[in-house]
Amino acid sequence: MIVRFGFVAMSVLLENASPSRTMTFTNFAKLLDREAAVRKLERIAEDNLHNTLRIMKHAIAHDIRMYRLSSKLIPLATHDALADWNPFEALGPSFKALGAFVQKKGMRVSFHPDHFCVFSTPRPEVLASSERDLNYHIAMLEAMELPATVKCNIHIGGAYGDKPTSKARFVEQFGALPLRLKERVTLENDDKTFTVRETLEAAEEVAVPMVLDIHHHAVNDGGDGSMEELCTHLWPRIVRTWREEEIRLGLAEDELPPKIHASSPKSQSDPRGHADYVEAEPLVQFLRQIAGSTPRLDCMLEAKSKDAALLKLMDDLKAMEAQGQNIRVIDEGSVEIWS
DNA sequence: ACCTGTCAAGTCTGG
DNA sequence: CCAGACTTGACAGGT
């Protein structure tokens, strides 16, 4: 199995390269010249896009071909008070350049809209802003001219005291979205509410691929905690959600490999928190279990030390290779691993 | 240069 | 029913 690794949003190795500079609405509202204030938002967004390109070039220089784009590329993009503003007019060329770079280098990128995107909500106004937020992310992918293989990863949402009903509401409300939005989504199990099994059921019902987060699973397994259950029963179904997406999009087999998230617990007292680095040993144990049935896999690292955590993990994997542990480091961003 | 409180958005918990 | 937690990078305003 070939595994590619990626990191999230910012680099801790590049200086002054934030892709998430912002302006709060409070400060926007303080500016008297609205026209100038909007231009300032656009300038910040241009900076964020420019830094995103720098980060991706840095990633490619280290053979890293997987990257999660920041959700904060355009400040206040979906704010009510800026509904008349179309940032894509000014930002079109920069988005297009980003997309061209991604395609040229064969990178896999994604977005992860944060916890305001909640399709299980019983509140109509929250549903509406969730759709607007998802639409914003997808409009950025479209401005980059990236195909439908490039996704936004979301969670199911809250349980509101009744998980089965909330899950059914997710299926109904998400299912009612236009295909243009639905076909750009993956569903991920979360660390508090919806387990792998529940998320998988929802993903199967609405026909979107599922992203497995193994750390979330470790802290929220709903009784499916055993490696056996995960690897022999749930994982093959997860793989199938990706295979079916390949068929829907008319792709060849393994053109769109399954994706997982990996991170390590921050501490015993805060097991849900993300540690600075990712521990190699438990991750490799899991990867070896699924290696036989999964030819390609992409693994997003969610660690506080971002790209530095990725490079450190690769060093640790290299050390495991030296000990003859069924692993071969291909380059700085990928490994081959077998059971 | 560094520290602290605040920030557009949601949900859950505990008082 | 409301305040605070959750989580998290970055800004603004202070020293």
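As a basis for the values below, the full set of heavy atoms in this structure was taken, side chains included, without hydrogen atoms, waters or symmetry mates. Owing to the predicted nature of the structure, the values given are computational and were not obtained by experimental measurement. Lettering of chains follows the sequences in order, A, B, ..., and the numbering in each one begins at 1.
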How many Å lie between [atom1] on [X] and [atom2] on [N], as a whole number?
X         : N      : atom1 : atom2 : answer
Asp191(A) : dC6(C) : CG    : C1'   : 10 Å
Arg132(A) : dA9(B) : CZ    : C1'   : 9 Å
His274(A) : dT7(C) : NE2   : P     : 9 Å
Asp213(A) : dT7(C) : CG    : P     : 14 Å
Arg68(A)  : dT8(C) : CZ    : C1'   : 13 Å
Glu131(A) : dA9(B) : CD    : C1'   : 16 Å
Arg272(A) : dA5(C) : CZ    : C1'   : 10 Å
Ile154(A) : dA9(B) : CD1   : C1'   : 15 Å

Kindly indicate whether the side chain of [X], heavy atoms from C-beta on, has any atom under 4.5 Å from the side chain of [Y].
X         : Y         : answer
His62(A)  : Asp307(A) : no
Val38(A)  : Leu82(A)  : yes
Arg180(A) : Asn135(A) : yes
Leu41(A)  : Ile74(A)  : no

Drop me the distance from Leu141(A)'s CG to Leu69(A)'s CG, to the nearest 0.5 angstrom.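 Going from the CG atom of Leu141(A) to the CG atom of Leu69(A) covers 7.5 Å.
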Does Arg132(A) count as lying over the ring of Phe116(A), i.e. NZ or CZ under 6.0 Å from the six-ring centre, within 45 degrees of the axis?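 Judged by the rule (NZ or CZ under 6.0 Å from the ring centre, within 45° of its axis), Arg132(A) is not positioned above Phe116(A).
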Would Lys306(A) pass as a cation-pi partner of Phe7(A), given that its NZ or CZ must be under 6.0 Å from the six-membered ring centre and within 45 degrees of the axis?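 So Lys306(A) doesn't make the cation-pi contact.
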Using the [atom1] atom as the reference point in each nucleotide, state the distance between [N] and [M] in Å, no decimals.
N       : M       : atom1 : value
dG13(C) : dA8(B)  : P     : 13 Å
dG4(C)  : dT6(B)  : C1'   : 15 Å
dC2(B)  : dT8(C)  : P     : 24 Å
dT7(C)  : dG14(B) : P     : 15 Å

Pair Arg243(A), Glu246(A) - check salt bridge (charged side-chain N to carboxylate O under 4.0 Å, His left out), show working. CA-CA 5 Å; Arg243(A) 180 66 198 124; Glu246(A) 289 174 336; 2.8 Å; yes
In terms of relative ring orientation, are Phe95(A) and Phe88(A) parallel, tilted or perpendicular, with 30° and 60° separating the classes?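 Answer is tilted, since the angle falls between 30° and 60°.
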So what's the dot-bracket for DNA chain B: Watson-Crick or G-U pairs under 3.5 Å, [ ] if a pair crosses, | if it pairs off-strand? |||||||..||||||
More than 12 heavy atoms of other groups within 6.0 Å of Lys304(A) NZ: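 No, not enclosed.
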Would the His215(A) and His274(A) ring centres measure less than 6.0 Å apart?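 Yes, they do, as the ring centres are separated by less than 6.0 Å.
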Report, one pair per line, the protein and nucleotides 10-12 of chain C atoms (nitrogen or oxygen only) whose separation is under 3.5 Å.
residue	atom	partner	partner atom	Å
dA10(C)	OP1	Ser18(A)	OG	2.5
dC11(C)	OP1	Arg21(A)	NE	3.2

Taking Asp298(A) as the fixed residue, which of Lys151(A), Lys259(A), Arg4(A) is the one that meets the salt bridge (Lys or Arg N to Asp or Glu O under 4.0 Å) rule?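 That would be Arg4(A); it is the only one of Lys151(A), Lys259(A), Arg4(A) passing the salt bridge (Lys or Arg N to Asp or Glu O under 4.0 Å) with Asp298(A).
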Which atom pairs link the protein and nucleotides 10-15 of chain B when you take only N or O atoms and keep those under 3.5 Å?
residue	atom	partner	partner atom	Å
dT11(B)	OP1	Thr121(A)	OG1	3.1
dT11(B)	OP1	Tyr160(A)	OH	2.4
dT11(B)	OP2	Arg123(A)	NH1	2.9
dC12(B)	OP1	Ala159(A)	N	2.8
dC12(B)	OP1	Tyr160(A)	N	3.1

